[in-house]
Amino acid sequence: MSSALDQRSAPPAGAARPATPRRRTRLLALPEARWALASLVLFLLALPVYLLDGPAWLWGTLFATTYITGGWEPGWEGLKALKDKTLDVDLLMVVAALGAASIGQVLDGALLIVIFATSGALEAVATARTADSVRGLLDLAPATATRLLPDGTEESVDAQSLTIGDTILVRPGERVGADGQVIDGTSDVDQATITGEPLPVAKLEGDEVFSGTVNGTGALRVRVERDPSDSVIARIVKMVEEASETKAPTQLFIEKIEQRYSIGMVIATLAVFGIPLAFGDTLQSALLRAMTFMIVASPCAVVLSTMPPLLSAIANAGRRGVLAKSAVVMERLGQIDLVALDKTGTLTEGTPRVTDIRPLPGTGLDEDGLLTLAAAAEHPSEHPLARAVIDAARQRGLHLPEATGFSSVPGEGVTATVEGRTVQVGSPSRLLTATSSHDKVVAEMEDTGRTAVAVLRDGAVVGVLGVADRLRPDAAATVAALTELTGRTPVLLTGDNERAARHLAVQVGITEVRAQLLPQDKVTAVKAWEAEGRRVLVVGDGVNDAPALAAAHSGIAMGKAGSDLALETADAIVVRDELATIPSVVQLSRTARRLVIQNLAIAGTFITVLVAWDLIGNLPLPLGVAGHEGSTVIVGLNGLRLLREAAWPRLAKDTA
């Protein structure tokens with residue numbers, strides 16, 4: 001945050017701030033979602049008919065169509081994988097479901113099909129939504145720009161056709177059409193989408209501006225310094241896409257051994273069928289033994305060992321305002337060992353507020369008088385700092401006299417006539433000369449990361465206001481809890497200036513600060529940690545955080561003020577902006593992982609005993625099914641323990 005109101009003016013009053021259009025793929029536009037929904041509906045129609053001993057032709061037909069609608073796609077993908085000499089668990093599940101149906105366990109097979117079809121649909125939805133947001137980010141950059149010709153005339157051109165050296169005119173309220181350098185004019189530019197800075201930044205001749213940022217009240221002439229395909233916005237899009245493509249495969253624990261298990265089970269089933277048959281066993285007996293083996297060795301219980309704990313953790317976290325997008329996400333959150341936190345909108349609320357009201361001695365003004373004077377002059381302004389001053393006056397119930405003759409100078413401040421006297425509110429560096437009456441107050445505010453706002457009456461300084469982005473009340477407790485969980489203090493990654501970042505870091509207990517970072521700088525930091533073997537959790541809220549959220553082992557976005565791209569790119573979303581829920585959900589994930597391991601041990605024991613019985617002795621099919629289903633019920637109930645209220649970790653400041 002800079003030293004004063006040289007970071008001022010938003011678009012003019014009444015001007016609508018450009019917004020990023022939301023490009024949403026409709027849920028049922030995805031074939032995976034349509035097939036999964038059809039499979040689920042058919043299963044729910046067949047279930048009561050089957051359980052109530054309805055006509056066999058009816059429930060048989062419904063179950064058969066359930067198998068077809070839910071199983072054909074994973075089955076087809078599995079067959080295509082076989083061409084590449086790969087056997088995946090989806091094909092194994094389809095085979096196991098068909099095997100179950102072939103020996104009368106139609107319900108079990110149908111349930112397995114529905115579970116896998118639904119899982120595939122959720123994965124397809126998550127992928128589509130992320131792609132939507134990446135495409136939507138391109139809309140931040142304007143489609144057209146006003147290019148100035150050598151003879152001084154103007155022409156509207158496609159922004160993508162701009163070349164290095166062109167000069168463009170950016171009018172008040174417009175988005176900047178290209179990355180470049182200001183060659184004429186003064187204005188304030190909101191570049192939060194790029195740097196995450198909470199307040200607009202004054203742009204003067206020689207300053208750099210970025211494509212897609214929003215111009216304030218002044219007009220700017222900008223020389224294009226970077227090809228549109230290489231703009232910061234374009235690079236953000238590219239980084240998100242590359243990070244999504246190259247991120248380590250998101251596999252559940254059990255999926256990491258699916259190849260060996262799948263191949264082993266198929267070979268073993270064929271052996272159980274073929275060997276007895278070769279030694280004179282009857283076809284029916286050999287087939288029954290093989291099908292029994294396939295049922296008891298089926299990974300149903302193993303799959304349920306993984307899913308119920310993770311899904312229960314997702315449900316519990318959801319009740320607390322944390323939305324994890326998948327079971328994979330919930331598993332990965334428990335693996336993190338380093339946390340990188342954004343500043344504005346994450347550790348802070350992202351909204352400037354008046355923190356100090358300092359009337360100078362001998363002016364005849366108290367705090368209310370100084371605030372009334374400043375708020376009255378600022379009232380016509382739409383700048384975020386002006387809104388902060390006016391909100392502070394309203395909270396105190398102050399009556400604001402009418403201001404006339406209002407004018408605003410970008411980078412300097414505002415001037416208005418209030419009750420017959422000229423009032424100026426703005427940057428101390430622009431409005432004041434250093435004198436002992438106020439420079440100590442200004443220096444004190446700036447040294448503690450606050451923005452100093454000078455108030456003058458008839459040319460004389462009457463006071464100074466301090467404005468700052470307020471720290472979230474649970475920020476310090478969250479940092480402490482994350483430090484305890486990971487064994488390392490979180491790192492602050494921010495596009496804001498060094499002084500403001502370090503002041504905030506001291507308040508929350510962070511020792512490592514990296515400030516004034518562009519989006520690519522954040523990605524570089526995350527990749528460096530990952531190269532060291534760290535599993536990084538990034539927490540952020542803005543477009544500028546999205547590449548780092550995508551590149552990290554896990555990413556969490558703050559929901560209330562989070563950009564569309566950050567929300568879609570992140571693995572989880574804190575809906576209510578309660579920071580204290582972040583260490584809680586990490587701890588919950590670790591608990592879920594422990595339950596997964598317990599369940600795998602239980603399922604493995606049952607499978608081993610039943611398989612040995614079937615191979616060594618003569619395991620009756622009903623008993624094999626009962627043992628298989630019993631193990632499934634046990635691991636399922638064990639996983640559901642995380643649905644309890646008591647399962648939510650209660651950390652410091654978590655009073656929910």
Atom of V586, atom of L333 and distance for their closest heavy-atom approach: CG1-O, 3.7 Å
State which residues pass side chain to side chain donor-acceptor pair (under 3.5 Å) with Q181; sequence neighbours excluded, sorted by chain then number. R223
Test side chain to side chain contact (heavy atoms under 4.5 Å, CB included) applied to A480 - qualifying residues, sequence neighbours left out: none
Could you check whether any side-chain heavy atom of R514 comes within less than 4.5 Å of a side-chain heavy atom of D521, counting everything from C-beta outward? no
Can you check whether A178's main-chain N or O pairs, donor with acceptor, with R226's side chain at less than 3.5 Å? no
Shortest non-hydrogen contact between T346 and R472, atoms and distance: O-NE, 2.6 Å
Output all residues satisfying side chain to side chain contact (heavy atoms under 4.5 Å, CB included) with A647, sequence neighbours left out; order by chain, then residue number. N316, L642
Sequence neighbours left out, what passes side chain to side chain contact (heavy atoms under 4.5 Å, CB included) with L40? Give chain and number order. L44, V114
Are any non-hydrogen side-chain atoms of L537 and I582 less than 4.5 angstrom apart? yes
Just jot down the salt bridge (Lys or Arg N to Asp or Glu O under 4.0 Å) partners of E532, sequence neighbours excluded, or say none. none
Could you name each residue pair satisfying salt bridge (Lys or Arg N to Asp or Glu O under 4.0 Å) that touches residues 479-488, not counting sequence neighbours? R488-E512
Against L465, only a single residue in V389, D356, T451 fulfils side chain to side chain contact (heavy atoms under 4.5 Å, CB included); can you say which? V389
Smallest separation among heavy atoms of P228 and A159, with atom names: CG-O, 3.4 Å
Is there side-chain contact between R353 and D391, with heavy atoms separated by less than 4.5 Å? no
Grab the two heavy atoms, one from V536 and one from V526, that are nearest each other, plus how far apart they are. CG2-O, 4.4 Å
Option passing side chain to side chain contact (heavy atoms under 4.5 Å, CB included) with L347 (candidates V539, T494, D469, I510): I510
I'd like to know whether R332 forms a side-chain contact (heavy atoms from CB on, under 4.5 Å) with R535, so could you lay out the CA-CA distance, the side-chain angles of the two residues, the decisive distance to 0.1 Å, and finally the verdict. CA-CA 9 Å; R332 291 169 68 89; R535 293 179 174 178; over 6 Å; no
Going by the rule side chain to side chain donor-acceptor pair (under 3.5 Å), which residues pair with Q516 if we only count those two or more places apart in sequence or in a different chain? none
Enter the distance from L579:CG to S584:OG here, rounded to the nearest 0.5 Å. 11.0 Å
D571 and its side chain to side chain contact (heavy atoms under 4.5 Å, CB included) partner, picked from V329, V328, V538: V329
If you look at every heavy atom in P547 and V523, which pair is closest and at what distance? CB-CG2, 3.3 Å
Please assess H553 against D337 for the test side-chain contact (heavy atoms from CB on, under 4.5 Å), listing each intermediate value before the final yes or no. CA-CA 10 Å; H553 180 79; D337 56 15; over 6 Å; no
Heavy-atom distance under 4.5 Å between the side chains of Q507 and H503, does that happen here? yes
Check the pair M445, V467 against side-chain contact (heavy atoms from CB on, under 4.5 Å), reporting the backbone distance first and the verdict last. CA-CA 9 Å; M445 291 183 183; V467 181; over 6 Å; no
For V464 and A452, which heavy atoms make the closest approach, and how far apart are they? CG1-CB, 4.2 Å
Residues passing the side chain to side chain contact (heavy atoms under 4.5 Å, CB included) test with A317, sequence neighbours excluded, are V322, M330, V585, L588, W648
Sorted by chain and number, sequence neighbours left out, salt bridge (Lys or Arg N to Asp or Glu O under 4.0 Å) with R358 holds for E444
Partners passing salt bridge (Lys or Arg N to Asp or Glu O under 4.0 Å) against R394 (at least two apart in sequence or in another chain): none
Side chain to side chain donor-acceptor pair (under 3.5 Å) filter on T591, not counting sequence neighbours, yields R594
Which distance, rounded to the nearest 0.5 Å, do you find between the OG1 of T478 and the CG of L341? 8.5 Å
The criterion is side chain to side chain donor-acceptor pair (under 3.5 Å); which residues satisfy it with D227, sequence neighbours excluded? S229
Donor-acceptor pair, distance only, cut-off 3.5 Å: does the side chain of T486 make one with the backbone of L338? no
Test item: R502 and L492 side chains (from C-beta on) under 4.5 Å apart, heavy atoms: no
At what distance, to the nearest 0.5 angstrom, does CZ of R590 lie from CG of L485? 5.0 Å
Side chain to side chain, E225 and E208, heavy atoms closer than 4.5 Å: no
